[in-house]
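Along the sequence shown, residues are numbered consecutively beginning with 1. Bear in mind the structure is a predicted one, so any value in this text is a computation, not a measurement.
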Amino acid sequence: MDAFKNFNTLLLIDIIILGFGIYMLGICIYMKKTGKIHSILLTEPEIKKCRHPEKFIAYMNPRLLGFSIITLIDGVIGLIDELAVSSRYLDFVYMIIFFAAFLWFTNALKNAREKFC
């Protein structure tokens, strides 16, 4: 149990959020370069039956980029907070920002599905 004595759960969450932001940025770049919808945004059957994939990508790419940037910044702020500042108030603020950005992005994804697929 001594191995978990100094384990920082919030640091792990910050690393995951930062990695997620990097991954989502990669998906944004992939869709921009290839003109194909990535399977993290839609399931394979949804991609196949999508009526306007180019419009879906045009609609979602700026939103995906915004979400990726917010997530990256959030992860970096979280790491700085955990490694240098250690403010519990800052933990709360950046988690709320991430959650709000996530809700905004999922709403945009839902709207894109309804409009273009």
Side-chain angles (χ1 to χ4, degrees):
M1 288 311 239
D2 287 335
F4 295 108
K5 188 176 182 180
N6 294 325
F7 185 74
N8 187 338
T9 306
L10 287 176
L11 180 63
L12 178 62
I13 291 170
D14 295 332
I15 292 169
I16 291 169
I17 288 173
L18 181 62
F20 182 63
I22 293 168
Y23 182 67
M24 295 302 278
L25 186 59
I27 291 169
C28 185
I29 293 167
Y30 165 83
M31 290 195 331
K32 183 81 169 172
K33 285 187 174 184
T34 65
K36 295 180 182 177
I37 300 171
H38 194 277
S39 61
I40 199 168
L41 298 177
L42 297 175
T43 64
E44 290 297 329
E46 286 176 316
I47 292 171
K48 288 179 183 175
K49 73 175 189 173
C50 190
R51 296 181 316 259
H52 307 287
E54 65 288 338
K55 289 181 181 179
F56 179 89
I57 292 169
Y59 180 84
M60 282 307 298
N61 228 34
R63 289 154 180 83
L64 181 57
L65 180 62
F67 179 63
S68 300
I69 290 170
I70 291 169
T71 304
L72 283 167
I73 291 170
D74 197 66
V76 169
I77 290 172
L79 286 175
I80 291 169
D81 178 47
E82 291 304 316
L83 298 173
V85 179
S86 270
S87 166
R88 291 296 164 212
Y89 297 112
L90 191 56
D91 288 341
F92 180 72
V93 169
Y94 71 81
M95 287 295 178
I96 293 295
I97 290 169
F98 175 76
F99 186 65
F102 182 76
L103 289 177
W104 168 76
F105 178 74
T106 55
N107 186 54
L109 183 58
K110 178 181 152 269
N111 291 339
R113 280 183 176 145
E114 291 171 356
K115 286 181 182 179
F116 309 115
C117 295

If you apply the rule side-chain contact (heavy atoms from CB on, under 4.5 Å), what do you find for Lys36 with Tyr30, and how did you get there?
CA-CA 8 Å; Lys36 295 180 182 177; Tyr30 165 83; 3.9 Å; yes
Over all atoms of both residues, closest heavy-atom pair of [X] and [Y]:
| X | Y | answer |
| --- | --- | --- |
| Tyr59 | Ala108 | CE2-O, 3.5 Å |
| Ile17 | Thr71 | O-CG2, 3.2 Å |
| Ile70 | Ala101 | CG2-CB, 3.6 Å |
| Val76 | Leu18 | CG2-CD1, 3.8 Å |
| Asp14 | Gly78 | OD2-O, 2.9 Å |
| Tyr94 | Glu82 | OH-OE2, 3.7 Å |

Please check if the side chain of Arg63 supplies one atom and the backbone of Trp104 the other of a donor-acceptor pair under 3.5 Å.
no
Test item: Arg113 side-chain N/O and Cys50 main-chain N/O as donor-acceptor pair under 3.5 Å
no
Please round to the nearest 0.5 Å and tell me the distance separating atom [atom1] of [X] and atom [atom2] of [Y].
| X | Y | atom1 | atom2 | answer |
| --- | --- | --- | --- | --- |
| Leu64 | Leu109 | CG | CG | 9.5 Å |
| Cys28 | Met60 | SG | CE | 9.5 Å |
| Ile77 | Ile97 | CD1 | CD1 | 6.5 Å |
| Lys55 | Lys115 | NZ | NZ | 11.0 Å |
| Leu79 | Asp74 | CG | CG | 10.0 Å |
| Met31 | Asn61 | CE | CG | 4.5 Å |

As a quick check of understanding, evaluate side-chain contact (heavy atoms from CB on, under 4.5 Å) for Met95 and Ile13, giving each step before the final call.
CA-CA 10 Å; Met95 287 295 178; Ile13 291 170; 3.4 Å; yes
Is it the case that one hydrophobic cluster holds both [X] and [Y], taking links as side-chain heavy atoms less than 4.5 Å apart, direct or via other members?
| X | Y | answer |
| --- | --- | --- |
| Ile57 | Ile40 | yes |
| Tyr23 | Leu25 | yes |
| Ile96 | Phe20 | no |

Between the side chains of Glu114 and Lys110, is the shortest nitrogen-to-carboxylate-oxygen separation below 4.0 Å, so that they form an ion pair?
yes
Verify the neighbour count for atom CZ of Phe99: are there more than 12 heavy atoms of other residues, nucleotides or ligands below 6.0 Å?
no
Under the side-chain contact (heavy atoms from CB on, under 4.5 Å) rule, what do Ile69 and Ile73 come out as? Steps first, then yes or no, please.
CA-CA 6 Å; Ile69 290 170; Ile73 291 170; 3.7 Å; yes
Using 30° and 60° as the class boundaries, would you call the ring planes of Phe67 and Phe102 parallel, tilted or perpendicular?
tilted
